Amino acid sequence: MLAELLRFLKGTPSPTESPARETAGFSLHEVRGIQVTVTNTRPDIDTAQVIARLDRTLGLIERYVPHYFRHLEKDFGFIDVRRFACRGAYFPEIRACLVELTFTVNPEFSDAEVAATILHEGMHARLHVLGFPLDMEDRARQERFCRRAEVEFGQLVPNGERVLARAKWTGDLSDEDVAPVIDPILAAQRIAEVDRQALEKRPT
């Protein structure tokens, strides 16, 4: 599974490439000192809103858990925003924190909730930097380690109740449920269907 996802991600241009490149919805940015790539395949989503949300969410991490933010600056090669099968993921081979495109701008989720996802993936990056193997055999224990950082953040950030509720709920799940395996083919099919329906509803 991971190899297939990595092949998908490696289609993303390197953050060192020219900022002028904006083909197929791709754009390059810098937010609070962190390189950000956005692959916006949804005409109904404004990339400027994506960047504004990232600025606010990273700002929350920087303000309320600055010790974690300092690690993010060093541990992430870049943040990659695109359509994906879950809210976030960390890909150690390219040091990429992926944040899902529609989740990033969905007003039903607060800035604190988006920030918690980035922080969660930042903890995976920290484990990777410290030399822990990010394999599925140890995934549940590492997921719970990441959730503890979310709990710490949720206790400090304003309106952090939903962050706390989700982190504590997932912390009580079984090992299989706290670190589920994603079928990339099925996920891609579901994403394509959701996007098709969203674009059909878009005013012409």
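The basis for the numbers below is simple: all heavy atoms, side chains too, and nothing from hydrogens, waters or symmetry mates. Keep in mind it's a predicted model, so treat the numbers as computed, not measured.
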Review point. So, does Arg32 use its side chain to make a donor-acceptor pair with the main chain of Leu54 at under 3.5 Å?
Key: no
Check your understanding: Do side-chain atoms of Asn40 reach the backbone of Ile45 as a donor and acceptor pair under 3.5 angstrom?
Key -> yes
Please round to the nearest 0.5 Å and tell me the distance separating atom [atom1] of [X] and atom [atom2] of [Y].
| X | Y | atom1 | atom2 | result |
| --- | --- | --- | --- | --- |
| Leu119 | Tyr64 | CG | OH | 14.5 Å |
| Arg166 | Phe109 | CZ | CZ | 8.0 Å |
| Phe91 | Glu121 | CZ | CD | 8.5 Å |
| Glu108 | Glu113 | CD | CD | 10.0 Å |
| Phe78 | His29 | CZ | NE2 | 13.0 Å |
| Cys97 | Ile34 | SG | CD1 | 8.5 Å |

[Y] and [X], any side-chain heavy atoms less than 4.5 Å apart:
| X | Y | answer |
| --- | --- | --- |
| Thr47 | Ser27 | yes |
| Val99 | Asp80 | no |
| His71 | His67 | no |
| Ile118 | Phe76 | yes |
| Asp75 | His128 | no |
| Ile79 | Leu58 | yes |
| Tyr68 | Met123 | yes |

Review point. At their closest point, which heavy atom of Ala112 faces which heavy atom of Asn159, and how far apart are they?
Key: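 The answer is CB-O, 4.2 Å.
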Review point. With sequence neighbours left out, what residues match Arg56 under salt bridge (charged side-chain N to carboxylate O under 4.0 Å, His left out)?
Key: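 Applying salt bridge (charged side-chain N to carboxylate O under 4.0 Å, His left out) to Arg56 gives Asp111.
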Point to revise | Residues Glu100 and Thr102: side-chain donor-acceptor under 3.5 angstrom | key: yes
**Study point:** Stepwise ring-ring contact (aromatic ring centres under 6.0 Å, His included) check, His120 with His124
**Key:** CA-CA 7 Å; His120 181 106; His124 281 302; 5.0 Å; yes
Review point. Between Arg70 and Glu73, is the closest basic N to carboxylate O distance under 4.0 Å?
Key: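 No, Glu73 and Arg70 are not salt-bridged.
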Practice item. Would you kindly confirm whether Val129 and Leu72 end up in one hydrophobic cluster when ILVMFWY residues are joined by side chain heavy atoms under 4.5 Å apart? Key: no
